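I have placed the structure first, in the form of structure tokens, so that the comments after it can refer back to it.
Since the model is a prediction, treat every value here as computed from it, not as a measurement.
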Amino acid sequence: MIVRKRQPNCEIEQRQELKIPVVAVAGNHDSPSRLDFGSSIMKASGLHIAGELTYPFEPVVLDDEAGEVHFHLIPYAEPGKVRYLLGDETIKTHDDAMRKIIETLKVTLDSRARHVFVGHAFVTPGGEAQENTSDSERPLSIGGAEHVSARHLEGFNYSALGHLHQDHHLGDETIRYAGSPLKYSISEEHHNKGYLVVELDQHGNATVKKKELEPRHDMRTIEGLMADIERHPINDDYVFVRLLDENLVISPMERVRSVYPNAMHVERKMAITGLIGEALAVDGRAKMDELSLFQVFYKEVRGNELSSETERLFIETLQEIYKKEGERHETIEAYDDGVRAV
């Protein structure tokens, strides 16, 4: 979170020159000890980083024309860590941990100041389980005990949350995820990335405006025939390509990258559900004849039965292979007998 005093023409790229304070907390992907290294020195430059969760909870105090704003930085922490810090054996889940942290915080809140909570957790309106907003979000707990109720955050003038990659609020406009600034997986293809500008008035009322970001390289899905894709103009976006070709495409990634140099993945629309080797290992297929195996393979790949015409072509091709293999064996045998085959 970037904390900005009211200054005219304050652009993001001018942060250093304007000495705008920054507050940040560690997430579940981060190394708390690394973020804490040098943090006491960086405070002098207005950079406030909370890596490890520490107790007692001390706010970062900043001020504007209306007075003090207290920022309560709560980095990601496992319930066991919170249980140890607070000496409370009843803390078992992430919801227990957050509830106890905020109960402890609120005891010492200064009623004359405005208060902003900054934390990293999987918060839902009532603590109910919900799906992640992105494949890039690593689960916080195995077994579904990761969700935290937004009701614990009531009483703060604003709550800035991290973990979920899609921006949204939790029923209350002042309890929000800003989302990630970039798309980190194809599951975020339709997210509108950006950042939030939050202003607190002298009474602590928050107004929120979203500013969208336009990436230099977007992440999106491309679907079509290889021949059509190769006619596209060269583009540097990060693309996931889904081919509609029914026939085998030779060197698909190399051909796609001639148009999309940053292509991330290529797949067929009609995905193969099993490898040939796997097919041979199940349902007694190892004992099937070649035609039966091809019929099963064709149905798995195409989703329908082998037509009589395709079956006829396969049998003719198989017979031609047998004939050539038979001629090759005869040549070898004649040579081994010392007779030069003609």
Would L200 end up clustered with V118 when hydrophobic side chains under 4.5 Å apart are linked, directly or stepwise?
yes
I would like to know whether D245 and R268 meet salt bridge (charged side-chain N to carboxylate O under 4.0 Å, His left out); could you show each step before the answer?
CA-CA 7 Å; D245 299 75; R268 289 187 61 185; over 6 Å; no
Expected output: side-chain T317 to main-chain L313 donor-acceptor under 3.5 Å:
yes
Check: H165 main-chain N/O paired with T133 side-chain donor or acceptor under 3.5 Å
yes
dist H152:NE2 -> K106:NZ (nearest 0.5 Å) comes out at 9.5 Å
Parallel, tilted or perpendicular for Y298 and F294, by the 30°/60° rule?
tilted
Is the backbone of R151 close enough, under 3.5 Å, to the side chain of S149 for a donor and an acceptor to pair up by distance?
yes
Would you call R112 and D110 a salt bridge, taking side-chain N to carboxylate O under 4.0 Å as the test?
yes
Is the backbone N or O of D237 less than 3.5 Å from a side-chain atom of N262, with the two atoms forming a donor-acceptor pair by type?
no
Indicate yes or no for a side-chain donor-acceptor contact from S159 to the backbone of F117 under 3.5 Å, with no hydrogens or angles considered.
no
Could E78 and R83 be called an ion pair, given the rule that one side-chain N must be under 4.0 Å from one carboxylate O?
no
Validation row, ring centre Y158 to ring centre F156 under 6.0 Å:
no
More than 12 non-hydrogen atoms from neighbouring residues, nucleotides or ligands closer than 6.0 Å to NZ on K299, yes or no?
no
Got more than 12 heavy atoms from elsewhere within 6.0 Å of CZ, R312?
yes
Quick check: does any side chain N or O of E189 sit under 3.5 Å from a backbone N or O of T221, one acting as donor and the other as acceptor?
yes
Give a yes or no on whether K210 atom NZ has more than 12 heavy-atom contacts from other residues, nucleotides or ligands under 6.0 Å away.
yes
Quick check, are the ring centers of H163 and Y177 under 6.0 angstrom apart?
no
Derivation of the side chain to side chain contact (heavy atoms under 4.5 Å, CB included) call for E311 and Q295
CA-CA 8 Å; E311 181 176 314; Q295 288 171 334; 3.4 Å; yes
Minimum side-chain heavy-atom gap L243-L225 below 4.5 Å
no
Connected via hydrophobic side-chain network under 4.5 Å: L244 and M226
no
E214 vs K193, test: salt bridge (charged side-chain N to carboxylate O under 4.0 Å, His left out). Steps then yes/no.
CA-CA 8 Å; E214 183 176 349; K193 300 300 187 180; over 6 Å; no
Could you go step by step and tell me if Y195 and V197 meet the side chain to side chain contact (heavy atoms under 4.5 Å, CB included) rule?
CA-CA 7 Å; Y195 61 95; V197 178; 3.7 Å; yes
Do V241 and V259 belong together in a cluster built from hydrophobic side chains that touch within less than 4.5 Å?
yes
Without swapping roles, check the side chain of D36 against the backbone of S33 for a donor-acceptor pair under 3.5 Å.
no
Below 4.0 angstrom, N of the basic side chain to O of the carboxylate: do K100 and D88 qualify?
yes
Can R242 and E223 be counted as an ion pair, charged N to O under 4.0 angstrom?
yes
Salt bridge flag under 4.0 Å for residues E173 and R176:
yes
Nearest 0.5 Å, what's the CG-CD1 distance between L109 and I102?
10.0 Å
Do H70 and E68 meet the criterion of a side-chain donor-acceptor pair at a distance under 3.5 Å?
yes
Are Y184 and Y238 connected into the same hydrophobic cluster when the rule is that any two of I, L, V, M, F, W, Y join if their side-chain heavy atoms are below 4.5 Å apart?
no
Does the gap between the ring centers of H72 and H115 come in under 6.0 Å?
yes
Between L105 and I74, is a side chain to side chain contact (heavy atoms under 4.5 Å, CB included) present by the stated rule, with each step listed?
CA-CA 10 Å; L105 273 175; I74 304 298; 4.3 Å; yes
Nearest 0.5 Å, what's the OG-CD distance between S185 and E137?
8.0 Å
E128 side chain vs T124 backbone, donor-acceptor pair below 3.5 Å:
no
Distance (rounded to the nearest 0.5 Å) between M42 CE and F37 CZ
8.5 Å
Joint hydrophobic cluster, V239 plus M253, side-chain heavy atoms closer than 4.5 Å
yes
Can you tell me which residue among D63, D64, D201 is in a salt bridge (charged side-chain N to carboxylate O under 4.0 Å, His left out) with R114?
D64
With side chain to side chain contact (heavy atoms under 4.5 Å, CB included) as the criterion, how do N157 and T174 come out once you've worked through the C-alpha distance, each side chain's angles and the decisive distance to 0.1 Å?
CA-CA 7 Å; N157 297 109; T174 65; over 6 Å; no
Measure the CD-OG distance between E52 and S39 for me, rounded to the nearest 0.5 Å.
10.5 Å
Tell me whether the centres of the aromatic rings in H94 and Y76 are closer together than 6.0 Å.
yes
Separation of N235 CG from I222 CD1 (nearest 0.5 Å)
7.5 Å
